[in-house]
Protein chains: 2
Amino acid sequence: MKLKSVDISKTASASSIVFEALRKAIIEGDLTEGEPLRQDEIARLFNTSRIPVREAISRLEEQGLVKTQRYKGAVVSGLSATEAEEIFDFRALIEPEVIRRAVPQMSPETLEKARASWAAFSQSSDPMTWGDLNRDFHSTLYQASGLQYHLDVIDNAMDRIDRYLRAQLVLSNGMERANEEHMEIWEACMNGNADLAAERTRRHITGARESLIQNIHSLR
Amino acid sequence: MKLKSVDISKTASASSIVFEALRKAIIEGDLTEGEPLRQDEIARLFNTSRIPVREAISRLEEQGLVKTQRYKGAVVSGLSATEAEEIFDFRALIEPEVIRRAVPQMSPETLEKARASWAAFSQSSDPMTWGDLNRDFHSTLYQASGLQYHLDVIDNAMDRIDRYLRAQLVLSNGMERANEEHMEIWEACMNGNADLAAERTRRHITGARESLIQNIHSLR
DNA sequence: ATATTGCAAATTGGATCCAATATAAAATAG
DNA sequence: CTATTTTATATTGGATCCAATTTGCAATAT
């Protein structure tokens with residue numbers, strides 16, 4: 001007899017749950033730069049002991065999202081202006097190449113899914129979801145490349161600047177501009193023009209970089 | 001009264017010690033692909049409890065060096081041929097740009113230190129140290145760029161393919177070839193020719209990539 | 001009043017113990 | 001004898017307890 005397999009293993013470990021929750025809180029800016037992470041407090045919040053909390057924190061440190069000092073504890077790590085710029089430079093180097101290699105492999109489903117993220121992004125009025133939809137749009141297109149390592153590295157880079165990107169979108173005309181650029185990138189993908197998609201992605205990123213530098217003072 | 005300051009805080013935590021030891025063992029190939037990491041066994045080896053061991057393992061997982069399954073434990077993760085190729089592609093994208101930006105900032109000390117690593121590399125007869133000296137050479141030059149995030153990411157990429165690179169150096173004429181290419185890269189840096197250093201770095205990496213593909217069967 | 005010292009509370013790092021799960025071996029049914 | 005079930009052992013995940021260290025505050029001296 002064959003049973004429908006139900007994935008019971010999806011019940012994640014406590015440390016994973018804490019890790020994801022803290023990661024989300026940090027990249028969304030709920031936990032702000034310099035904020036100390038008290039193991040005891042977090043443990044109480046999640047109804048666990050400090051052991052899974054410590055595991056989560058050590059993973060966050062490995063990702064560069066927190067810094068810990070022996071016997072002093074962990075604090076959410078921030079980004080200096082130059083560090084933020086460096087990550088934009090990094091993205092401007094990687095992401096164009098990833099999308100260039102992704103374009104030839106994009107299925108109609110991929111394009112449709114990206115279009116949906118873009119549409120939701122352009123119509124959403126809630127600043128809190130903008131960041132997510134923005135990431136969805138790009139990552140959907142990138143995933144077609146099948147370059148898993150590149151995707152992981154990009155994800156980490158995005159985690160580090162997510163807070164600042166969100167702030168960017170709210171400020172000035174960041175929203176409309178991103179929106180338009182997304183459309184142009186999507187169009188290039190739709191037409192199978194890999195080089196154009198790459199170039200537009202590059203400009204999308206360097207543009208964000210410049211606008212961040214300009215707003216750097218209002219952000220911190 | 002002024003005392004000479006002694007850094008007593010260098011006494012690292014147990015989890016860090018275990019982490020570093022395991023990381024080294026993995027990238028050097030002492031722990032081979034698929035090898036299970038038994039918490040109890042490792043704890044005994046380091047005279048600690050399993051707690052620091054688990055923290056170390058979770059950090060290794062975050063770096064992609066091990067894979068864990070709930071209630072089953074951790075095993076050293078390997079690389080498929082395509083994954084290895086992808087990481088070489090990644091390096092070929094990043095490292096030329098890093099060295100391009102590093103060249104204008106290289107001090108005589110940097111160049112001398114790199115030359116020393118290169119000389120030690122070319123004269124060493126011990127395959128076990130080749131990998132280290134190779135990394136020293138490149139990373140010394142890259143560090144002049146001051147691009148910390150890029151350096152961290154490169155380090156992680158190197159960690160993942162270190163084992164395979166070492167094997168490369170031993171096989172065929174990998175050693176002499178690397179040696180010659182290092183000289184050429186160093187020369188370009190010495191002459192302040194950033195573009196040439198970048199191009200030679202790119203070819204150095206893509207060359208290693210091709211030779212890995214050729215030897216892929218003998219490696220696994 | 002200010003600076004220094006001593007002490008107590010808070011906090012982290014690690015050890016030991018217990019629960020949950022997986023794996024291997026033994027027992028049992030056909 | 002083979003396949004299934006049951007049991008025992010090994011292993012991991014987490015809770016609780018203890019030690020090491022930091023930090024804030026009071027006590028003391030100048």
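Quick note on labels: first sequence line is chain A, next is B, and so on, each numbered from 1. FYI, side chains are in, hydrogens and waters are out, and symmetry mates aren't considered; it's all heavy atoms of this structure.
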Are A/Phe137 and A/Phe121 close enough that their ring centers fall under 6.0 Å?
->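 No - the distance between ring centres of A/Phe137 and A/Phe121 does not fall below the 6.0 Å cut-off.
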
Between B/His138 and B/Glu95, do the side chains contain an N or O donor and an N or O acceptor separated by less than 3.5 Å?
->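 Looking only at side-chain atoms, B/Glu95 and B/His138 do not form any donor-acceptor pair under 3.5 Å.
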
If we ignore hydrogens and angles and just use 3.5 Å, is the side chain of A/Ser77 paired with the main-chain N or O of A/Gly64 as donor and acceptor?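 Checked: pair present.
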
Rounding to an integer number of Å, can you tell me how far [X] [atom1] sits from [N] [atom2]?
X	N	atom1	atom2	result
B/Arg54	C/dG13	CZ	P	15 Å
A/Ile57	C/dT12	CD1	P	7 Å
B/Gln69	C/dT23	CD	C1'	13 Å
B/Phe46	C/dG13	CZ	C1'	17 Å
A/Asp40	D/dT16	CG	C1'	12 Å
B/Ile42	D/dT11	CD1	P	12 Å
A/Arg70	D/dA20	CZ	C1'	8 Å

Inset, instruction - Answer with yes or no whether A/Arg50 presents, from its side chain, a donor or acceptor under 3.5 Å of a partner atom in the base of C/dG13. - result: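 Such a pair exists between side chain and base.
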
Next on the checklist: Consider salt bridge (Lys or Arg N to Asp or Glu O under 4.0 Å). Of B/Arg91, B/Lys24, B/Arg23, which one does B/Asp159 pass it with?
Outcome noted: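 Of the listed residues B/Arg91, B/Lys24, B/Arg23, the salt bridge (Lys or Arg N to Asp or Glu O under 4.0 Å) partner of B/Asp159 is B/Arg23.
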
So [X], base contact, sugar-phosphate only, or nothing? Heavy-atom distance under 4.0 Å.
X	result
B/Leu37	sugar-phosphate
B/Thr48	sugar-phosphate
B/Arg38	sugar-phosphate

- Query: If you check the B/Lys72 side chain, which of D/dG13, C/dA22, C/dG14 turns out closest?
  - Reply: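 It is C/dA22.
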
* To do: Please tell me which of the listed nucleotides, C/dT21, C/dA15, D/dG14, lies nearest to the side chain of B/Tyr71?
  =>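 The answer is C/dT21.
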
Establish, with yes or no, whether the OP1 or OP2 oxygen of D/dG13 is under 4.0 angstrom from a side-chain nitrogen or oxygen of B/Gln39.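 Yes, because at least one side-chain N or O of B/Gln39 sits under 4.0 Å from OP1 or OP2 of D/dG13.
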
> What is the distance from atom CZ of A/Arg135 to atom OG1 of A/Thr140, rounded to the nearest 0.5 Å?
Replying inline: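 Reported to 0.5 Å precision, the distance equals 12.0 Å.
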
Closest-nucleotide mapping onto DNA chain C: is A/Gly73 or A/Ile51 further toward the 5' terminus? I mean the 5' end.
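Its nearest nucleotide lies further toward 5', so the answer is A/Gly73.
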
